[in-house]
Structure formats: structure tokens, C-alpha cells
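Starting from 1, each residue takes its place in the sequence as its number.
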Amino acid sequence: ACSAFSQKSCEECLKNVSCLWCYTNNTCIDYPVRSILPSSSLCTLSNARWGVCWINFEALIIALAVVAGLILVSITVCCCYCCYCRRRSRSRLDEEEEQLARKREERRLQSLQRKHERKLKHDEIRKKYGLLQDSDNPYSRFENE
């Protein structure tokens, strides 16, 4: 079917996806499906056109390889960056958690210290007014019976 478009135009030949246009002898040939690239005996890569007429097969292969390489590199970079950020965020979370635990312990110790100071102050007041049970004060509170 592709040989019917030989000696016509590249656009007419490439309307059929299974055809390959060769500019050296203006022929339309069936794309060699069994081999990935057409052999140089059929047509050189710089003169072969497939899919579109404005770009040769060699440039098409290079462009596709570059695009595929860029996609692979970007995926690799994204994966590495995400793994690095995840590891970094875990260590940052661990540091924050440790810091919060230290602050919590400091607050607890300060609270206990204030509680002890309040108890001493209250005991002094109780002692002053004779309300302390084990007091050295000879005066005691009168109870009505």
C-alpha cells in the first residue's frame, strides 16, 4: 500500500502511519516493523521521514531520547528530593519533640518549686497564728466543746 504513494509527496505518504518516506529517491516504503530503526540500505536516517515531513528520523530519535532522558532525570531528582526532605522533616520533628519534652520537664520542676515555696509560706502563716499541729508555740487554739 505504501509503494503506491511513491513519486508523489511526503505528506500523502505519511498520512498512512505504517509508511516511511525517503528523500534520497522520493519513495514511500513500508516501515520495517521487525527492526526498530530502518536499515541504511533502505534509507539513511537523515533522509528518512516518519510521522511528519518537517523533521528527519535521526532528529526525531534524538529529540525523543532527550525528552525521555529529561523525564527520567526529573523523576529521579524529585524522588531524591522527596526522600531527603522526608528524612530531614523527621529529624526536625524529633528535635522539636525533644525540645518540647525538655520545656515540659522544666515547667514541671518550676511548678514543684513554686508549690514547695507556697507550702513553706503557708506553714509560716499557720505557725504565726498557731494553726500548725506540731507547733513549738505554747499558745493553742481554743475549741468550744
Side-chain angles (χ1 to χ4, degrees), residues 1-2 5 8-24 26-145:
C2 291
F5 296 107
K8 290 191 177 177
S9 70
C10 176
E11 287 81 17
E12 288 180 32
C13 173
L14 295 183
K15 286 180 183 175
N16 188 351
V17 182
S18 64
C19 294
L20 178 74
W21 179 260
C22 186
Y23 266 115
T24 52
N26 289 335
T27 56
C28 187
I29 54 176
D30 288 322
Y31 187 85
V33 191
R34 294 185 184 182
S35 62
I36 297 173
L37 300 174
S39 65
S40 58
S41 63
L42 286 175
C43 189
T44 60
L45 290 179
S46 59
N47 289 323
R49 304 290 192 264
W50 181 72
V52 289
C53 292
W54 52 269
I55 187 167
N56 65 30
F57 203 77
E58 190 175 33
L60 184 66
I61 291 171
I62 292 171
L64 289 176
V66 167
V67 168
L70 287 175
I71 290 172
L72 287 175
V73 166
S74 63
I75 288 172
T76 304
V77 167
C78 287
C79 289
C80 291
Y81 181 74
C82 289
C83 291
Y84 174 74
C85 286
R86 189 174 296 142
R87 205 175 320 125
R88 199 168 134 216
S89 68
R90 282 183 192 156
S91 65
R92 196 179 292 161
L93 287 175
D94 291 342
E95 289 174 9
E96 288 178 7
E97 190 174 317
E98 189 176 309
Q99 194 174 29
L100 287 174
R102 269 189 267 122
K103 285 183 180 181
R104 195 179 306 120
E105 184 64 23
E106 287 175 12
R107 280 191 235 116
R108 189 183 68 79
L109 291 175
Q110 288 174 351
S111 172
L112 287 174
Q113 185 179 2
R114 286 193 305 266
K115 186 177 181 180
H116 180 69
E117 289 172 0
R118 276 195 313 271
K119 185 181 181 311
L120 288 176
K121 193 177 274 188
H122 289 145
D123 285 347
E124 280 182 30
I125 293 171
R126 286 186 187 105
K127 193 175 193 181
K128 179 179 176 182
Y129 291 105
L131 300 173
L132 201 58
Q133 306 290 345
D134 301 322
S135 174
D136 293 339
N137 194 354
Y139 301 107
S140 61
R141 189 173 177 188
F142 292 111
E143 296 284 332
N144 289 338
E145 294 181 10

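- In this structure, D123 pairs ionically with K119, as a charged nitrogen and a carboxylate oxygen lie closer than 4.0 Å.
- Between C28 and C13, the sulfur-to-sulfur (SG-SG) separation falls under 2.5 Å.
- The NZ atom of K103 sits 10.0 Å away from atom CD of E96, with the distance rounded to the nearest 0.5 Å.
- No donor-acceptor pair under 3.5 Å is formed between the side chain of H116 and the backbone N or O of L112.
- Taking the charged nitrogens against the carboxylate oxygens, R102 and E98 do have a contact shorter than 4.0 Å, which makes a salt bridge.
- Within 6.0 Å of the CD atom in E105, the count of heavy atoms belonging to other residues, nucleotides or ligands exceeds 12.
- Proximity of a side-chain donor or acceptor of S111 to a complementary backbone N or O of R107 within less than 3.5 Å is not detected.
- Residues L14 and C53 form a side-chain contact, since some pair of their non-hydrogen atoms from C-beta on lies under 4.5 Å apart.
- Counting only heavy atoms from C-beta outward, the side chains of W50 and Y31 approach each other to under 4.5 Å.
- Residues T27 and C22 form a side-chain contact, since some pair of their non-hydrogen atoms from C-beta on lies under 4.5 Å apart.
- Note that CG of L20 and SG of C2 are 8.5 Å apart. Values are rounded to the nearest 0.5 Å.
- With a 4.5 Å cut-off on side-chain heavy atoms, R49 and N56 count as touching.
- Side chains of T24 and C43 form a contact here, defined as non-hydrogen atoms less than 4.5 Å apart.
- Side chains of N26 and W21 form a contact here, defined as non-hydrogen atoms less than 4.5 Å apart.
- Evaluated for a side-chain contact (heavy atoms from CB on, under 4.5 Å) with V73, the options I71, T76, V77 yield exactly one hit, V77.
- Summarising the geometry, atom CZ belonging to R114 is positioned 11.0 Å from atom CG belonging to L109; distances are rounded to the nearest 0.5 Å.
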